[in-house]
Amino acid sequence: MGILEKISEIEKEIARTQKNKATEYHLGLLKAKLAKYRAQLLEPSKSASSKGEGFDVMKSGDARVALIGFPSVGKSTFLSLMTSTASEAASYEFTTLTCIPGVIEYKGANIQLLDLPGIIEGAAQGKGRGRQVIAVARTADVVIMMLDATKGEVQRSLLEKELESVGIRLNKHKPNIYFKPKKGGGISFNSTVTLTQCSEKLVQLILHEYSILPEVYNKIDQISMEEVDRLARKPNSVVISCGMKLNLDYLLELLWEYLALTCIYTKKRGQRPDFTDAIILRKGASVEHVCHRIHRSLASQFKYALVWGTSTKYSPQRVGLTHTMEHEDVIQIVKK
Ligand SMILES: Nc1nc2c(ncn2[C@@H]2O[C@H](COP(=O)(O)OP(=O)(O)OP(=O)(O)O)[C@@H](O)[C@H]2O)c(=O)[nH]1
Ligand SMILES: [K+]
Ligand SMILES: [Mg+2]
C-alpha cells in the first residue's frame, strides 16, 4: 500500500471512531501514525530532482508575511481566520504540505500571508520540506514565528535556533541604514532616511532594536490565566487564541508596525487630497516609486512634485524624483 492509501485508511478510521474517554488513546495513536505518514510526504522523494519542488507562490500585494512554526501550532487556523482563504486545519501534525497564500486587507493595504508546512528540527539541513519552507520565509518582509502556548519554552529556542542558523532575521525590520567599511578602517554609514543628529552610536542602537523578535503564542485558551500573564509579560511576545479569537486585532496592529509601510496620498492641482485611496509603499520609497505606482510612463513625463508632510522642511516643498517619501505625505505631481 502506498503512503497516500495508508493516510486515507487512517483518516477513514479516525472519522468513524467516536470521540470519548475510552477511544482517546486509540485516536491519539492513529493521529501519531497519520502524522508519521504525512511527514513522509514532506520528504523529498528520491525520484524528484535534487533541488526538490519549490513552493513558488507569486508575490502579490504590498507586503509579504510568512507563518513559521512547528506542526499543529495553529498556522492554518490563523490564515483561515485572517484571510478569505481557507487552509485545512486539523488536530494531527503535517496537515499542511505546501505553501498556501491568503490576503489580509488592512488599512487599505493588501498583505500577502503565507501558510507553510510545520518545520521540524533539522529543517535547516533539509529535513521535511525545511529548505523550501525556509526559502519562502526568506522572501517575506516579516516572519511570524508561531508557537503553541501549551508546549512550553523548548520549542521557542529550538525554532529560533533553526531559523537563525540559516540567517533568517526574525521579525526584524529591514534596516534602512547601510554600513560600508572605510578604506582606512572603521565604517561609514548611509541611510535612506534623513538622519538628523545621528551619531554612529545612535545607529548602533537603532540596529540593535531590529533584533526584537515578537513571538506569537497561540492557544492561550488552553492554559491558565497565570500562565497567559507570564507569557504576555515576556519581552517581545504576543499571546493569542485563534480558537477564541483573542487578541488578533492587537497582533494585526503590531504586524502593521513591523511592516512599516508608507501610505502616500495624491492630490490634483486645486483639489483636496484623496484620503480614501492611499498608495502603499515600502519604507524608504521615493517619488519615483510613487510615479511608477500611478502610471508606468509617469516618471518619464515628470517635471517636479509638490509634497506636504513630514518628509519636507516646508509644506508644500518642490521635490525631484529621488526625494524620499514619508508615511502620510501628500503629493501633487507636475508633468512636463
Ligand atoms: N484550543 C485551541 N486550538 C487551536 C487554536 N488554534 C488552532 N487550534 C487547533 O490546533 C490544531 C492544529 O491547527 P492547524 O491550524 O492545523 O495547525 P498548523 O500549524 O497549520 O499545523 P500543520 O499544518 O500540521 O503544521 C487544530 O485542531 C486546531 O483546531 C487555539 O487557539 N486554541
Ligand atoms: K495540524
Ligand atoms: Mg497547517
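Ligands are counted one by one from 1 in listed order, and the atoms in each one are counted from 1 as well.
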Check your understanding: Does Thr77 bring an N, O or S atom to under 2.8 Å of the Mg ion (ligand 3)?
Key -> no
Review point. What atoms in ligand 1 come closer than 4.0 Å to a heavy atom of Ser241?
Key: 31 (O)
Review point. Backbone or side chain, does any N or O of Val73 fall under 3.5 Å from an N or O of ligand 1?
Key: yes
Point to revise | N, O or S from Ser72 under 3.4 Å to the K ion (ligand 2) | key: yes
Practice item. Let me see the working for Thr96 and Ser76 under side-chain hydrogen bond (donor to acceptor under 3.5 Å, both in side chains), right down to the final yes or no. Key: CA-CA 8 Å; Thr96 308; Ser76 302; 2.8 Å; yes
**Study point:** Residue pair Thr322 / Glu288, side-chain heavy-atom distance below 4.5 Å
**Key:** no
**Study point:** Pair Lys127 + Glu162, salt bridge at N-O below 4.0 Å
**Key:** no
Point to revise | Numbered atoms and elements of ligand 1 in range of Pro71, under 4.0 angstrom, heavy atoms | key: 25 (O)
Revision key, fill the gap. Given the options Glu326, Met325, His327, Thr310 meets side chain to side chain contact (heavy atoms under 4.5 Å, CB included) only with Glu326
Review point. Is it true that some N/O/S atom of Thr96, main chain or side chain, lies under 3.4 Å from the K ion (ligand 2)?
Key: no
**Study point:** Shortest protein heavy-atom distance from atom 17 (O) of ligand 1, along with the residue and atom involved
**Key:** Gly74 N, 3.1 Å
Check your understanding: Any N/O/S atom of Phe94 sitting less than 3.4 Å from the K ion (ligand 2), backbone or side chain?
Key -> no
Point to revise | Atoms in ligand 1 flagged as close to Ala89, the criterion being non-hydrogen separation under 4.0 Å | key: 14 (P), 15 (O), 16 (O)
Review point. Is the distance from the Mg ion (ligand 3) to the nearest N/O/S atom of Thr96 under 2.8 Å?
Key: yes
Review point. Atom 8 (N) of ligand 1: which protein heavy atom is closest, and how many Å away?
Key: Lys219 CE, 3.7 Å
Exercise for review: Check whether any side-chain heavy atom of Pro273 lies under 4.5 Å from a side-chain heavy atom of Trp308, and answer yes or no.
Suggested key: no
Point to revise | Nearest neighbour in protein (non-hydrogen) for atom 21 (O) of ligand 1 | key: Ser72 N, 2.9 Å
Review point. Does a side-chain heavy-atom distance below 4.5 Å link Glu257 with Glu253?
Key: yes
Point to revise | Residue Asp249 excluded, over 12 heavy atoms near CG under 6.0 Å | key: no
Exercise for review: Check whether any side-chain N or O of Asp62 sits under 3.5 Å from a backbone N or O of Ile111 as a donor-acceptor pair, and report yes or no.
Suggested key: no
Review point. Salt-bridged, Glu227 to Arg230, with N to O below 4.0 Å?
Key: yes
Practice item. Please examine the side chains of Lys33 and Glu13, heavy atoms only from C-beta on, and report whether any two atoms are closer than 4.5 Å. Key: no
Review point. Among all protein non-hydrogen atoms, which one is nearest to atom 30 (C) of ligand 1, and what is the separation to 0.1 Å?
Key: Gly243 N, 3.3 Å
Point to revise | Val307 with Val334, same ILVMFWY side-chain cluster at under 4.5 Å | key: no
Check your understanding: Any N or O on Pro117 sitting closer than 3.5 Å to an N or O of ligand 1?
Key -> no
Review point. Out of Val216, Val73, Asp115, Leu251, which one pairs with Phe78 under the side chain to side chain contact (heavy atoms under 4.5 Å, CB included) rule?
Key: Leu251
Check your understanding: Within the structure, does Lys75 bring an N/O atom to less than 3.5 angstrom of an N/O atom in ligand 1?
Key -> yes
Check your understanding: Are Ile14 and Ile3 linked, directly or through other ILVMFWY residues, by side chains that come within less than 4.5 angstrom of each other?
Key -> yes
Check your understanding: Can you list the atoms of ligand 1 that are under 4.0 Å from a heavy atom of Gln222?
Key -> 1 (N)
Review point. Would you call Leu116 and Leu67 a side-chain contact if the rule is heavy atoms closer than 4.5 Å?
Key: no
Practice item. Report yes or no: does a heavy atom of Ala90 sit under 4.0 Å from some atom of ligand 1? Key: yes
Study note, to complete from the structure: Of all protein heavy atoms, the one nearest atom 23 (O) of ligand 1 is Thr96 OG1, 2.8 Å
Exercise for review: Please write down residue, atom name and distance for the protein heavy atom closest to atom 32 (N) of ligand 1.
Suggested key: Asp221 OD1, 2.8 Å
Point to revise | Any Phe78 heavy atom less than 4.0 Å to ligand 1 | key: no
Review point. Polar-atom distance check: Leu116 versus ligand 1, any N or O pair below 3.5 Å?
Key: no
Check your understanding: Can Leu29 and Tyr25 be said to form a side chain to side chain contact (heavy atoms under 4.5 Å, CB included), step by step?
Key -> CA-CA 6 Å; Leu29 284 183; Tyr25 180 72; 3.6 Å; yes
Check your understanding: In ligand 1, which numbered atoms sit nearer than 4.0 Å to a non-hydrogen atom of Tyr92?
Key -> 24 (O)
Review point. How does Asn218 reach ligand 1, if at all, at less than 4.0 Å between non-hydrogen atoms: by side chain, backbone, both, or neither?
Key: side chain
Check your understanding: When Asp141 is tested against each of Arg282, Lys283, Arg64 for salt bridge (Lys or Arg N to Asp or Glu O under 4.0 Å), which residue passes?
Key -> Arg282
Check your understanding: Of the backbone and side-chain N, O or S atoms of Ser76, does one lie nearer to the K ion (ligand 2) than 3.4 Å?
Key -> no
**Study point:** Side chain, backbone, both or neither: Thr77 near ligand 1, heavy atoms under 4.0 Å
**Key:** both
Exercise for review: Could you list which atoms of ligand 1 come closer than 4.0 Å to a heavy atom of Gly118?
Suggested key: 25 (O)
Point to revise | Glu93, any N or O under 3.5 Å of ligand 1 N or O | key: no
